[in-house]
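As structure tokens, the structure follows; a few thoughts come after it.
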Amino acid sequence: MNNIIEIKNLKKYFAVPQGTLHAVDDVTLSIPEGKTLGVVGESGCGKSTLGRTIIRLLEPTSGDVYYNGENIISKSKAEVKKLRRDLQMIFQDPYESLDPRMNVSRLITEPLIINKLYTGNGEREKVVSEMLELVGISEKLKGSYPHELDGGTRQRVGIARALALDPKFIVCDEPVSALDVSIQAQVINLLQRLQESKNLTYMFITHNLSVARHISDIICVMYLGQVIELAERYELFSNTLHPYSQALLSAIPVPSTHNRRTRIILKSELTSPLNPKPGCRFAPRCIHAKPECFEVTPELKDVGNNHKVACHLV
Ligand code: SF4
């Protein structure tokens, strides 16, 4: 299967007064066309920075990203602007990401105006109507402003905006975490339907492993800027190998009184990826840590079945 996105040794560091923050640290992975890569981890693990850096909303410190074989990182800003049509993003908080002064119609038209698309008479109105139908918003809401809409409809507008440019790859950055549970399912189902009908490829960023299990074909677990486990969904859930992934998995509620999971409680909060030392970044919280873990950084190794893990125990 063709990998629409290939990421090689991608790093994104930020200089801060206390030193260097390694937000994304040497990430290598690929996403096959038409599939969903779920990126999972706690807040602050670098997953959103990874998503933004891949589509060059942030400039990487080093590394490469290939889109359909073309290196995006070596492209000029003008070339990236042209590619932006293909590479879109859906943001976490639809209220924050939509301009409150624009009505629904204008919000969906704006990316078309910026990209000088559909300039003929009435063409943009036609695209707006098509997008509204695609994401299940009534035409009657065309003149409404974001504050007049409920959270689910606002997120549908965010999705319609991204789809108006007919993208091929979408970074979905926690697109349902600001929504009520009942609406989360509707938005996830919508994203899945759109993926099937338009052969879209998603990077779906979430802190919720249950959501990732529902939507992803491949799952990548991140910890302090690094990928610590990467596998196809079934393999990751049936054969979870990294102690951190095991702890995340143990927190998912099981709908059965007979088959309860023992919750693994992590010792402390996530630390910061500031000036990281050699060794496993999870070691201070890991119940299996041994002296070697504090000194030698575990490599992300293939253990078979396309399953990669970074842990000295595996
Ligand atoms: Fe735990 Fe060591 Fe594995 Fe890190 S390398 S997850 S500290 S056992």
Side-chain angles (χ1 to χ4, degrees), residues 7-14 18-30 37-51 61 63 205-213 216 218-254 260-314:
I7 305 164
K8 296 198 172 147
N9 307 107
L10 192 69
K11 295 182 183 176
K12 176 62 187 172
Y13 296 170
F14 295 96
Q18 301 87 347
T20 306
L21 195 112
H22 293 218
V24 173
D25 212 352
D26 210 8
V27 168
T28 295
L29 52 81
S30 49
L37 171 81
V39 181
V40 185
E42 290 162 283
S43 296
C45 72
K47 52 195 191 308
S48 292
T49 307
L50 174 66
T61 305
I205 296 167
T206 177
H207 63 276
N208 186 331
L209 207 51
S210 328
V211 171
R213 175 159 63 180
S216 312
I218 306 162
I219 294 184
C220 154
V221 183
M222 283 189 75
Y223 192 82
L224 289 183
Q226 297 179 320
V227 175
I228 50 113
E229 188 155 13
L230 177 67
E232 285 176 14
R233 173 182 55 182
Y234 179 76
E235 168 67 19
L236 191 121
F237 280 93
S238 59
N239 184 25
T240 316
L241 295 174
H242 196 284
Y244 177 63
S245 314
Q246 289 167 352
L248 289 184
L249 190 68
S250 77
I252 299 181
V254 181
R260 283 172 186 268
R261 245 185 227 131
T262 310
R263 175 97 191 254
I264 302 169
I265 308 285
L266 294 174
K267 278 195 257 176
S268 53
E269 294 298 310
L270 188 78
T271 51
S272 135
L274 192 66
N275 306 326
K277 297 187 184 70
C280 173
R281 292 185 189 175
F282 183 59
R285 300 170 86 188
C286 181
I287 50 172
H288 306 290
K290 46 189 181 168
E292 181 195 9
C293 302
F294 291 89
E295 282 160 20
V296 183
T297 307
E299 273 177 45
L300 189 68
K301 279 184 295 200
D302 198 327
V303 292
N305 272 345
N306 286 329
H307 190 156
K308 295 182 179 169
V309 193
C311 173
H312 292 307
L313 280 190
V314 182

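When a ligand or atom number is given, it counts from 1 through the structure's own listing order.
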- Item | Residue and atom name of the nearest protein heavy atom (relative to atom 2 (Fe) of ligand 1), distance in Å to one decimal | Cys293 SG, 2.3 Å

- Query: Atom CG in Leu50, atom NZ in Lys11: separation rounded to 0.5 Å?
  - Reply: 14.5 Å

- Task: Among all protein heavy atoms, pick out the one at the shortest distance from atom 1 (Fe) of ligand 1; state its residue, atom name and that distance to 0.1 Å.
- Result: Cys286 SG, 2.3 Å

- Please could you name the atoms of ligand 1 that Leu313 approaches to less than 4.0 Å, counting only its heavy atoms? 8 (S)

- Message: Using side-chain heavy atoms (C-beta onward) and a distance below 4.5 Å, is Val221 in contact with His242?
- Response: no

- Message: With rounding to the nearest 0.5 angstrom, report the OH to OG1 distance, Tyr13 to Thr61.
- Response: 7.0 Å

- Message: Checking side chain to side chain contact (heavy atoms under 4.5 Å, CB included) between Ile218 and each of Asn306, Leu37, Val39, which is the one that passes?
- Response: Leu37

- Task: Verify, without hydrogens or angle tests, whether Glu229 (side chain) and Leu241 (backbone) share a donor-acceptor contact under 3.5 angstrom.
- Result: yes

- Task: Tell me, please, if Cys311 has any N/O/S atom, main chain or side chain, under 2.8 Å from atom 3 (Fe) of ligand 1?
- Result: yes

- Can you measure from CG (Leu10) to OG1 (Thr49) and round to the nearest 0.5 angstrom? 10.5 Å

- Proximal ligand 1 atoms for Ala289, defined as those under 4.0 Å from one of its heavy atoms: 7 (S)

- Message: Among all protein heavy atoms in this structure, tell me which lies nearest to atom 5 (S) of ligand 1, with the distance rounded to 0.1 Å.
- Response: His312 N, 3.3 Å

- Which of the numbered atoms in ligand 1 are below 4.0 angstrom from a heavy atom of Pro243? 6 (S)

- Query: Can you tell me how far the SG atom of Cys45 sits from the CZ atom of Arg281, to the nearest 0.5 Å?
  - Reply: 12.0 Å

- Task: Look at atom 4 (Fe) of ligand 1 and say which protein heavy atom is nearest, naming residue and atom and giving the distance to 0.1 Å.
- Result: Cys280 SG, 2.4 Å

- Query: What are the atoms of ligand 1, with element, lying closer than 4.0 Å to any heavy atom of His242?
  - Reply: 6 (S)

